[in-house]
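For clarity, every value in this text was computed on a predicted model and none was experimentally measured. Every chain is numbered from 1, with letters handed out A, B, ... down the list of sequences.
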Amino acid sequence: LRPRDPFGSMRDMSRPPSVASSVFACGNALLALALLAGVFGALPVRYWAVDAPSLLMAALLLISAYGLLRRSAWGLRALQISALCELAFGLAAVAALVLGVSYLGGVHGEVGRSGLIIAIVGSALLIPYLVIYPSLQLLWIHRATQTPACAARSA
Amino acid sequence: MSPRPLARVLWWYALALCVSALCIRAIMHLDPQRAPTATRIVSVWKGGERVARAIVHDDSLPSTDACDPGACTRIVERVVDQGPLPTAPPLLFALSIAAGRDGIAVELGDRKLYLTPDDLLAQQASQTGARVGSLELRVGLDDPAELLDRIASELEVGRAELLARARLSRFIVRREDATAELWPLRAARTEALRPAMLEQAVRSAAEYLARNQTEAGRFVYQIDAVRGIDLPGYGWPRHGGTTLMLAEVAARTHDPKLTAAALRGGQLVQRELSVECGPDRCIGDSNRVDAGSAALTLLAYVELERGVSGAAFDADIRALAKFLRSLQRPDGEFMHVYDRKRRRPIDVQLPFYTGEVVLALARAYRLTHDPADLRAASAGLAHLVRRSLFQNRYQYGTEHWTCQALEELWEFAPDRAALAFCLDYQAFNRQYQVGAHSEFGDYEGGFAPNPFSPPRITPTGSRTEGAVATLSTAIAAGVSPATIRELTRQVRRSLAFLLRFQLRPGPRHLLRDPERVVGGMPGSPTDLSIRIDYQQHVAGAMLRYLRLLERHPAGS
């Protein structure tokens, strides 16, 4: 990964970060806090299979947010890793929700209105933050890291 | 990642997820409508115990020579469909059983064991549903490990060997014996609902309470109907509610036994639990007393005073009403706990108590004619139905007293905002009422805690109390005929559901002492324990509807 310098100049610490990197930094920090509050505040039971990945994910989000705000050289790499993990996490969570409802619907013969609502609301809450948001980050990183030569070729 | 590969990944993911979801559903689905197999499971039950079993694969049915036919019940269950049953992890095993409908078949070598839905009901295997830590999922089996141990013990192997060598599957059955008509009571359908059926059910529920009451007036709080044993615990708010229901039935039937039982219930509280709360009288047996006990006792006293001869509760009614008024805050809310030692109320709110207090003060006003009672009740009702951005608009709790208070107050202080609230609340409830033709069971009209669990009896009863009160007020307020029709249908479907599951006599063959629990309302179709408040809410809903029919015969 060789950034085209999305922060303006990596080495010029006096220049503020770009709007997009600031937005992603704040977004990642908020998402990390929401994840920690949701898992450790709202869930009434502790289960390592949920707690450990959530903790890891939150740590990655916070590290990438810090890197982006500090305009560190490793900031984009951290953002890419956190976005990929977040996307995988989101896709796994949506799959677990949909397959869980489908399994219970198969066993019990019906899902019912409230079952459908749980699946739809759950997916609607997860998809924007854990699928669309990291996808946008990956696309932004892709654009930001395209070398001028690549850009010229694609033109 | 460039846009194209990312889009490709997401597209294949969505496609794979849809296909997997459809496949999983198809593999796990059991079809109760398919043509039954030739396999019949014939069981003989006596005194709540299974004493014989035979599996037949043709039309011949073995005789019940295990015991005298008069003393035994023969149950014939025909296997209709069978499907896979994962056993690990235990939580998945627990969630894979549709409570009350599925049985478990086990094949180990040449041995085959069937645990029919009746067997699981007799073991109360799905009383509360699976748990994860302290989280109640209310789906499937309560304790999968215990059930696997029982199966292993019946097959004379260890659990590890059972899990390693046996093949477990789920199956559904169709009952082919005459007792299947009795529970759930097939005759109790929405369209066939008659007042006489409700009268009989109410009387039977009240007789259950009178039968299970001590001479001192205390009720048997909860009975495990399968094992025929009393369960521990007692709640004075529930004692008050139960006495209220008994007083209402006694006033209606003039039955001396029910009248005596209601009086005993009221006099016990009057004699032993009336204590001082600062300058007032309240109900309790400890330093901290709650508003719920006082409110439900006040309701019971008022009904006893109004309808039962020999009652002498007038002074207590005024004292309790004064105490409850003293707990009200300026915004209409009530403080729910009183500290007797410090002689002051504690401003905490507990579920349901505000609604109970409002209803109690509104009912008390009919006897006291004290404008302060009416003002306090009206302010409390206005507080209960206040709407914020989300509260009481898109989501409602299970509070069931508010709409009863609305009806009680309508004659003296009609509150249109409260009526609008109750109409919206009932429309919200209707969305979650179990529909006809459910594959899950004969549960039309009930309200379940989630889509994968049988409806609970008490929440259905309490919601119906509120629904009948809303219907009654809507008729009085001249609400549109379409709304009245919807409410009426909602109420009748729920009442039919409640009638179907009352133990009259219920699944006698599974009960140790069926005579003792006749008239009882179980917790749910899979939880055969009976608590006093189950009776109160179900009979309360039926009584309200009977009274409504007398005022407005068109309400049927």
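- Side-chain contact annotation: N28(A) with Q137(A), donor-acceptor N/O pair under 3.5 Å present.
- With a 4.5 Å cut-off on non-hydrogen atoms, V434(B) does not touch chain A at all.
- Of the two parts of L6(B), only the side chain, counted from C-beta on, holds a non-hydrogen atom closer than 4.5 Å to a non-hydrogen atom of chain A.
- In this structure, E486(B) CD and Q426(B) CD are separated by 11.5 Å, a value rounded to the nearest 0.5 Å.
- Side-chain contact between R456(B) and R138(B): present, with at least one pair of heavy atoms (C-beta onward) separated by less than 4.5 Å.
- Note on ring orientation: taking the six-membered ring where Trp is involved, the planes of H108(A) and F440(B) are perpendicular (angle over 60°, cut-offs 30° and 60°).
- Looking only at heavy-atom pairs under 4.5 Å with chain A, the residue among S438(B), A98(B), S2(B) that has the most is S2(B).
- Only the side chain of V131(A) comes within contact range of chain B, with heavy atoms under 4.5 Å apart.
- Using a 4.5 Å cut-off between heavy atoms, L87(A) touches chain B through its side chain atoms alone.
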Under 3.5 Å, sequence neighbours excluded: what are the donor-acceptor pairs made by side chains of residues 52-61 of chain A?
| residue | atom | partner | partner atom | Å |
| --- | --- | --- | --- | --- |
| S54(A) | OG | V50(A) | O | 2.6 |

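- Of the N and O atoms on the side chains of S96(B) and Y103(A), at least one donor lies less than 3.5 Å from an acceptor on the other residue.
- Using a 4.5 Å cut-off between heavy atoms, I97(B) contacts chain A through its backbone alone, with no side-chain atom that close.
- Of the listed residues (A83(A), S135(A), G100(A)), the one with the most heavy-atom contacts under 4.5 Å to chain B is S135(A).
- Interface remark: Y13(B) contributes side-chain atoms only to the contact with chain A (heavy atom separation under 4.5 Å).
- For chain A, the option among G133(B), S20(B), C18(B), A21(B) with the highest count of heavy-atom pairs below 4.5 Å is A21(B).
- Checked against the 6.0 Å centroid criterion, the rings of F171(B) and Y114(B) qualify as a close aromatic pair.
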